[in-house]
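Inspection log for the structure reproduced underneath, given as structure tokens.
Indexing begins at 1, ligand by ligand and atom by atom, following the structure's order.
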Amino acid sequence: MLIQRPENIFPSEITPRPLFDRRREFLRLSAGVALAGMLPAAEAKLGPGKPSAYSVSETPTPLKHVAGYNNYYEFGTDKEDPARTAHALRLRPWTVQIDGLVKQPKTLDIEDILKLAPLEERIYRLRCVEGWSMVIPWLGFPVASLLKQVEPLGSAKYVEFITAVQPETMPGVSSRVLDWPYVEGLRIDEAMHPLAIIALGLYGDVLPNQNGAPLRLVVPWKYGFKSGKSIVRIRLTDKEPRTSWMKSAPQEYGFYSNVNPEVDHPRWSQARERRIGEFSKRNTLMFNGYAEQVSQLYTGMDLRKQF
Ligand SMILES: Nc1nc2c(c(=O)[nH]1)N[C@H]1C(S)=C(S)[C@@H](COP(=O)(O)O)O[C@H]1N2
Ligand SMILES: [Mo]
């Protein structure tokens, strides 16, 4: 599992020139025009993160797919919609309110969150419940580093992640495909697991808007929909949060949403997946390949019932 990263993508080899080209590429992708020399503050590069032992050794999915094939329903339900429309997302000012069952509730400014902990590069698999997957080189830090700031109380059992609603910039929120804001949740021990991260960037740069700028959750052993984008509030609670997907179809989307090839979605199999950019399918792995690290979180649970 914890295999060394391949030589060809070591961060020290990422030179300023390709970084510059990539940023132009995703500006082009997100805005449809090249805005050379007009990078807003929010586009400032983050630079390479510290490599992590949690990274997988698989080849990352090309940026054009990572930033061009997205689920972000606030910006439309087609995979190409977010790359076309998410440039409008207003990224500043941006704060994250952290409250609920904590000793020190806080509202943190995004500029302070960016400086909160050293950024690590985490190359993770992302498996979408619809049957496709990617490998993404995220930049971020453990969710635990953020929660530490507010000192969770012993009574806190769950963490609720609430994401942005900007009706003026998000064409999707006027439709009722989902109950807005998009809400997700984790048990607190899942949120504190070192694999669970807050991502602020990918491919050595800030997050493209369509991938959840300015900050999002990434929980690599769960289906992609657990990883809420553009977070504005984090609430610690003693009750299991009601997530947007559970509200829309509770028999299809459970609270746990662990990647599990043995538990089919009611309408399709989860046994195999297509890696975006590849032709043939591959077998889906238990806990998306992270079983060694996370299966002990679920001992004694019936994963068919608590799916
Ligand atoms: N706010 C919000 N977050 C979201 C979604 C969404 O529609 N809105 N889609 C989820 C789903 S279904 C997936 S698979 C991942 C996709 O992340 P990516 O586009 O960066 O690959 O984001 C998740 N986070
Ligand atoms: Mo998804």
Could you find the nearest protein heavy atom to [atom] and give me its residue, atom name and distance?
atom	answer
atom 14 (S) of ligand 1	C128 SG, 3.6 Å
atom 1 (N) of ligand 1	E74 OE2, 2.9 Å
atom 20 (O) of ligand 1	R216 NH1, 2.7 Å
atom 22 (O) of ligand 1	K229 CE, 3.3 Å
atom 15 (C) of ligand 1	G224 O, 3.5 Å
atom 7 (O) of ligand 1	Y73 N, 2.8 Å

**Request:** Could you see which bit of T163 sits under 4.0 Å from ligand 1, with heavy atoms only: side chain, backbone, both or neither?
**Result:** side chain
**Request:** Tell me which one of Y182, W245, F225 gets a heavy atom nearest to atom 2 (C) of ligand 1.
**Result:** Y182
**Prompt:** Which of the listed options, T61, N71, L178, holds the heavy atom that is closest to atom 5 (C) of ligand 1?
**Reply:** N71
If you measure every N or O of [X] against every N or O of ligand 1, does any of those distances drop under 3.5 Å?
X	answer
W138	no
W132	no
Y69	no
Q210	no

**Message:** Given M286, which partner from the list N260, V294, V259 fulfils the side-chain contact (heavy atoms from CB on, under 4.5 Å) test?
**Reply:** N260
**Prompt:** Between W245 and Y253, does the ring centre distance come in under 6.0 Å?
**Reply:** yes
**Asked** Would the number of heavy atoms belonging to other residues, nucleotides or ligands and lying under 6.0 Å from NZ of K247 be above 12?
**Response** yes
**Request:** Taking atom CZ of R242 as the centre, report whether more than 12 heavy atoms of other residues, nucleotides or ligands fall under 6.0 Å from it.
**Result:** no
**Prompt:** With distance as the sole criterion, is a donor-acceptor pair present between the side chains of S133 and R275 under 3.5 Å?
**Reply:** yes
**Message:** Taking only non-hydrogen atoms of S227, do any sit less than 4.0 angstrom from ligand 1?
**Reply:** yes
**Request:** Please state whether G228 comes within less than 4.0 angstrom of ligand 1, counting heavy atoms only.
**Result:** yes
**Prompt:** Pick one: which of R187, R235, R233 meets salt bridge (Lys or Arg N to Asp or Glu O under 4.0 Å) with E160?
**Reply:** R235
**Message:** If the cut-off is 4.0 Å to any non-hydrogen atom of N211, which atoms of ligand 1 fall inside it?
**Reply:** 18 (P), 20 (O)
**Asked** Are L89 and Y73 connected in the hydrophobic side-chain network, where two residues link if heavy atoms are under 4.5 Å apart?
**Response** yes
**Within 45° cone of F255 ring axis and under 6.0 Å: K226 NZ or CZ** = yes
**Request:** Could you tell me whether K222 and E190 have a side-chain N and a carboxylate O separated by less than 4.0 Å?
**Result:** yes
**Request:** Report yes or no: does N211 contribute a side-chain atom to a donor-acceptor pair with the main-chain N or O of V66 at less than 3.5 Å?
**Result:** yes
